K.L.:
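Let me begin by handing over the structure; questions about it come next.
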Protein chains: 2
Amino acid sequence: MSNLPTRLDRCCPKRSESWLARGALRPTRQRMSLAMLLIGDGHDRHVTAETLFSAVQETGEKVSLATVYNTLRAFCDAGLMQEVTVDGARSYFDTNITDHPHYYWEESGTLTDAPADQLAITQLPEPPAGMAISAVDVIIRLRKKPN
Amino acid sequence: MSNLPTRLDRCCPKRSESWLARGALRPTRQRMSLAMLLIGDGHDRHVTAETLFSAVQETGEKVSLATVYNTLRAFCDAGLMQEVTVDGARSYFDTNITDHPHYYWEESGTLTDAPADQLAITQLPEPPAGMAISAVDVIIRLRKKPN
DNA sequence: GTATATGCAAACCGTTTGCATGGCT
DNA sequence: AGCCATGCAAACGGTTTGCATATAC
């Protein structure tokens, strides 16, 4: 579902450590556990606090839910992840910090990357006077094909 | 801020009544009050439950907050409005039910329509196998221009 | 040693719901 | 009469916070 690793020993501590360093975050045990799940294998991930909490529990590591929340926020503040709003009910966090579209699978509440190179926005509305565009969020909502 | 009328007598009851009828909703006092604020002057509106609640209080009408929530949901279920998710913290409701992009004013948390004719998406990612696109949400986030 | 991170439980906040009352048709 | 809408307050669920303890540098 969230497609996260189930074992930390398949992840790369070095990559996680330098990732944390890039955000000027101390490599504590909890942060390392979460970071290894998120980027340890070099793949991009989309998680909610709950899916990440479940995943880290499965590895046997002990991290409290509050720390998962606080850590995800810290990762965002440090510019290592970005928050994606699709659902209202919960927050999604994305390790891919480039500007790119998302698929939102309505049936399962899952968020995945959509291929950025297959999206072409050739014209964008002018920002109103005195305003600048800080981001353009594109969410492609998916449902099961009718038949 | 939410730009809603402050007086109901400037609104058009007839338009509101037929709008409710279109959704097969009975024209109760509370629904009429809310509908007149939302579409009584023929303009499209973007509200949260709270902004609409405040607005209806200012007119002197008595409608409970729970009813505002329930009514907005009823309007959406009836296809008269659509919910827009931008913020996570709260839900926005839009009287414009066509597919169109939005400006989200980060500073004030306000949502407005962006001119649909100035947005051109010439290529969209293929939906994954077995999936169909149910909607494409485009949110243009605005911040104050740097200088 | 000092600043920062963690864990727990309680607080928080927007939203929904259960249930009794009131209004349409 | 019967169905539907409303209001209140309590429940809810995801998220944040206060504070005591533990850890990194």
Side-chain angles (χ1 to χ4, degrees), chain A residues 2 13 16-21 23-37 46-57 60-78 80-93 109-111, chain B residues 2 13 16-17 19-21 23-36 46-57 60-78 80-93 109-111:
Chain A
S2 55
S16 299
E17 195 165 350
S18 63
W19 187 69
L20 290 174
L25 295 171
R26 293 179 181 173
T28 65
R29 178 180 62 78
Q30 291 90 336
R31 285 175 180 172
M32 282 296 288
S33 300
L34 299 176
M36 287 197 284
L37 291 174
H46 301 81
V47 299
T48 64
E50 286 293 344
T51 61
L52 185 57
F53 181 60
S54 305
V56 78
Q57 304 232 80
E61 290 292 318
K62 295 216 314 287
V63 181
S64 77
L65 180 56
T67 295
V68 173
Y69 275 105
N70 294 337
T71 302
L72 283 171
R73 195 134 310 278
F75 288 175
C76 285
D77 291 347
L80 299 174
M81 300 185 74
Q82 66 177 125
E83 194 170 353
V84 183
T85 300
V86 275
D87 178 271
R90 75 211 120 208
S91 291
Y92 291 79
F93 297 87
T110 309
L111 190 72
Chain B
S2 55
S16 300
E17 194 163 352
W19 187 69
L20 291 175
L25 294 172
R26 293 181 183 169
T28 66
R29 177 179 62 78
Q30 292 89 336
R31 285 174 180 171
M32 282 295 288
S33 300
L34 299 177
M36 286 198 283
H46 301 80
V47 299
T48 65
E50 286 293 344
T51 61
L52 185 56
F53 181 59
S54 305
V56 80
Q57 303 233 81
E61 290 292 317
K62 291 215 319 286
V63 181
S64 77
L65 180 57
T67 295
V68 172
Y69 275 105
N70 294 337
T71 302
L72 284 171
R73 195 134 312 280
F75 287 174
C76 285
D77 291 348
L80 299 175
M81 300 184 75
Q82 67 177 125
E83 195 171 353
V84 183
T85 299
V86 276
D87 178 272
R90 75 210 119 212
S91 290
Y92 291 80
F93 297 87
T110 310
L111 191 72

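Residue numbers begin at 1 in each chain, while the letters A, B, ... track the order of the sequences. These numbers were taken from a predicted model, which means no experiment stands behind them.
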K.L.:
Nearest of dG7(D), dG14(C), dC8(C) to any side-chain atom of Ser64(A)?
P.N.:
dC8(C)
K.L.:
Hey, which of these two, Leu25(A) or Pro27(B), hits DNA chain C nearer its 5' end, going by closest nucleotide?
P.N.:
Leu25(A)
K.L.:
Where do Phe53(B) and Ser64(B) come nearest, in terms of heavy atoms and distance?
P.N.:
CE1-C, 3.8 Å
K.L.:
So what does Ala74(A) hit on the nucleic acid, given a heavy-atom distance under 4.0 Å: a base, only sugar-phosphate, or nothing?
P.N.:
nothing
K.L.:
What nucleotide, of dT15(C), dA3(C), dC4(D), holds the atom closest to the side chain of Arg26(B)?
P.N.:
dC4(D)
K.L.:
Regarding Ser91(A), tell me which of base, sugar-phosphate or nothing describes its non-hydrogen contacts under 4.0 Å with the strands shown.
P.N.:
sugar-phosphate
K.L.:
Of the listed nucleotides (dA5(D), dC8(C), dG14(C)), which one gets closest to any side-chain atom of Thr28(B)?
P.N.:
dA5(D)
K.L.:
If I take atom CG in residue Leu20(B) and atom C1' in nucleotide dG23(C), what distance separates them, rounded to the nearest angstrom?
P.N.:
16 Å
K.L.:
So, does Gln30(B) get its side chain near the phosphate of dG7(D), meaning an N or O under 4.0 Å from OP1 or OP2?
P.N.:
yes
K.L.:
Taking 4.0 Å as the cut-off, does a side-chain nitrogen or oxygen of Arg90(B) come that near to OP1 or OP2 on dC13(C)?
P.N.:
no
K.L.:
Might you point out which heavy atoms bring Leu20(B) and Arg26(B) nearest each other, and give the distance in Å?
P.N.:
CD1-O, 4.3 Å
K.L.:
Among the candidates dT16(D), dT6(C), dT15(C), find the nucleotide nearest to the side-chain atoms of Thr67(A).
P.N.:
dT6(C)
K.L.:
Is the shortest side-chain N/O distance from Tyr69(A) to OP1 or OP2 of dT15(D) below 4.0 Å?
P.N.:
yes
K.L.:
Report yes if a side-chain nitrogen or oxygen of Arg29(A) is closer than 4.0 Å to either non-bridging phosphate oxygen (OP1 or OP2) of dA5(C); otherwise report no.
P.N.:
no
K.L.:
If I take atom CG in residue Asn70(B) and atom C1' in nucleotide dC19(C), what distance separates them, rounded to the nearest angstrom?
P.N.:
13 Å
